[in-house]
Structures are given as structure tokens and as C-alpha cells.
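FYI, side chains are in, hydrogens and waters are out, and symmetry mates aren't considered; it's all heavy atoms of this structure. Being a predicted model, the structure only gives us computed values, none of them experimental.
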Amino acid sequence: METETETVARPTPVAPRPALVWSIGRIVVGAVVVGVLVYAYALRIAVGDTNPFDYFGYFTNQTSLIAASVLISTGCLGLNGRGAPSWLTLLRGLVTAYLIVVGVIYNLLVPGTGSAPPWVSVLLHVVFPVVIVLDWLLVGDRPRLPWRRLWSLLPYPLAWLIVVLLRGMTDGWVPYGFLLPERGPLSLLLHIVGLLAAVLLAGVLVWSASRFRGVWSADRRIDRE
């Protein structure tokens, strides 16, 4: 006698309502930031500055674009009731630290020096960093970041600095005045060390905050694969 084997379909994960709302919010915020970056670049093109390496050479623009992409990615995963993989959570921690540095340096050391419209500067240097930090603090859908990975904060800003300094010595373009070659090697060294120290300090804060479960803890599996 033949025995039929019933196939039981696994239910598709569904995000709980708070996770659904927060995921949609992440996607919307990320999409808005991408749209603002594209709009600001279009303004540059309109006045004849079409070089994308100049516009996207700014640390603010690069990190904002990466952070927006991370928000959109984690939001899309959240809509399916899935947690972010460990590499995406680490990337989210990295960009959170970078945007803390962006907000602090711009607002305390070089306020109002950008060429973008004031509202764009406020959004990228104040509003977006605050949103990213609050997202990291309030929503406990991320595991603790291991301290042994703190070093991963440094390769990106080091690579960015190398490219910027090479451009400064060749075509004379740098995104920020404190990186001008004519300021001398000592000034450059002090600013580079200070920037990297600020990145590490921001990273320590982000890594420490990952041990806090947040005001709202997502009731779903965190994908560590």
C-alpha cells in the first residue's frame, strides 16, 4: 500500500506591526536622502560642475549615500520579517559612527562652508545623522558588535584620505580646506590623526550602544549567517 507524504508549506515570515512601520520609515528616509543627493548633484551640473568625483569626493556625500542604502536594505529585509545579516549590521554600525563624525565636525568646526543650499546642508549634516543615531539607539534589532571588529572603522576613511591627498597634490582639488597641501605636512598630519581619532571615538560609542537593547526590541530572529 502506497503512503502519501503530505508536504507542509512553511509560513512566510511576517513582520510584526511595529517592525513593519519602522521598516517602511527606514526605506522612506533612505529614499529621501538619495533623492536629496541626486538633486544637489543636479544643481552642480546646472552650473557647469559635472565632475562626479568632486561631488562624491565629499566625505558627507559618500557616507550619506552608503547610510541611505543601508537603511533601505534593512527596511526591505524588515518588511519580510527578516533580520539583517551580520555584515550588514556591521556596515550599519560603521556608517552610524561616520555620520556622528560628519555631524560633529561640520557643526562645530566648519559650519556653513558647503556650496549646497542651506536646507540640504541641514538635512545631511544635522537631521540625517540624528535620525541614524536614533535608529541605532532606539531599535534593538541588531546584535552586539564585537570589539575585535572595531578596527574595521579605519580602512574606509584611510582610503578616502589617501585619494583626497593624492588629488590635492595633482589637480589641486580637496573637499575641505584643512586638507590643502599648502598648509604643510605638520598641519595635515595633525588633522588626519584628529579625524581618525574622532572616527574611533564615535565607533566606541556606537559599539557600546549596541549592547543596549533599545526602547523597542524587534521580536524576530536576527540572521547571523
- Query: Side-chain contact, heavy-atom cut-off 4.5 Å: Tyr106 with Tyr176?
  - Reply: no

- Pairs touching residues 51-72 that satisfy salt bridge (Lys or Arg N to Asp or Glu O under 4.0 Å), sequence neighbours left out: Asp54-Arg167

- Item | Interatomic distance, Leu205 atom CG to Leu200 atom CG [nearest 0.5 angstrom] | 11.0 Å

- Leu137, Leu201: one ILVMFWY side-chain cluster at the under-4.5 Å cut-off? no

- Of all the heavy-atom pairs spanning Thr89 and Arg142, show the shortest one and how long it is. CG2-CB, 3.6 Å

- Task: Identify the two heavy atoms, one from Tyr55 and one from Arg44, that lie closest to each other, and give their separation to 0.1 Å.
- Result: CD1-NH1, 3.7 Å

- Query: Does some side-chain heavy atom of Ile132 sit less than 4.5 Å from a side-chain heavy atom of Leu71?
  - Reply: yes

- Message: Is there a continuous path of hydrophobic side-chain contacts, each under 4.5 Å between heavy atoms, that joins Phe212 to Val206?
- Response: no

- Task: List the atom of Val139, the atom of Trp22, and the distance in Å for their closest heavy-atom pair.
- Result: CG2-CE2, 3.0 Å

- Item | Atom pair CG (Leu65) and OG1 (Thr60), whose distance is rounded to the nearest 0.5 Å | 12.5 Å

- Can you name the closest pair of heavy atoms from Asp171 and Gly168 and give their distance? OD1-N, 4.4 Å

- side chain to side chain contact (heavy atoms under 4.5 Å, CB included) filter on Ser73, not counting sequence neighbours, yields Leu88

- Do Trp119 and Val28 share a hydrophobic cluster, counting only Ile, Leu, Val, Met, Phe, Trp and Tyr and linking them when any side-chain heavy atoms are less than 4.5 Å apart? yes

- Any donor-acceptor pair under 3.5 Å from Asn107 side chain to His125 backbone: yes

Without placing hydrogens or testing angles, list every side-chain donor-acceptor pair under 3.5 Å for residues 30-43, not counting sequence neighbours.
from, atom 1, to, atom 2, distance (Å)
Tyr41, OH, Thr50, O, 2.8

- Item | Test item: Leu79 and Ile27 side chains (from C-beta on) under 4.5 Å apart, heavy atoms | yes

Donor-acceptor contacts, no H, no angles, side chain residues 94-102, under 3.5 Å, sequence neighbours left out:
from, atom 1, to, atom 2, distance (Å)
Thr96, OG1, Arg92, O, 2.7
Tyr98, OH, Leu153, O, 2.7

- Query: With no hydrogens and no angle check, is any side-chain donor or acceptor of Asn51 less than 3.5 Å from a backbone partner on Phe53?
  - Reply: yes

- Item | 4.5 Å side-chain heavy-atom contact, Leu77 and Pro85 | yes

N/O donor to acceptor pairs below 3.5 angstrom from side-chain atoms of residues 178-187, sequence neighbours left out:
from, atom 1, to, atom 2, distance (Å)
Arg183, NE, Gly177, O, 2.6
Ser187, OG, His191, ND1, 3.4

- Item | Contact check, side chains of Trp160 and Thr63, non-hydrogen atoms, under 4.5 Å | no

- Closest heavy-atom contact between Gly75 and Ser23? O-CB, 3.3 Å

- May I ask whether Val126 and Leu108 are part of the same hydrophobic cluster, defined by side-chain heavy atoms of I, L, V, M, F, W, Y residues being less than 4.5 angstrom apart, directly or through others? yes

- Task: Among residues two or more places apart or on two chains, list those pairs meeting side chain to side chain donor-acceptor pair (under 3.5 Å) that have a residue in residues 192-212.
- Result: none

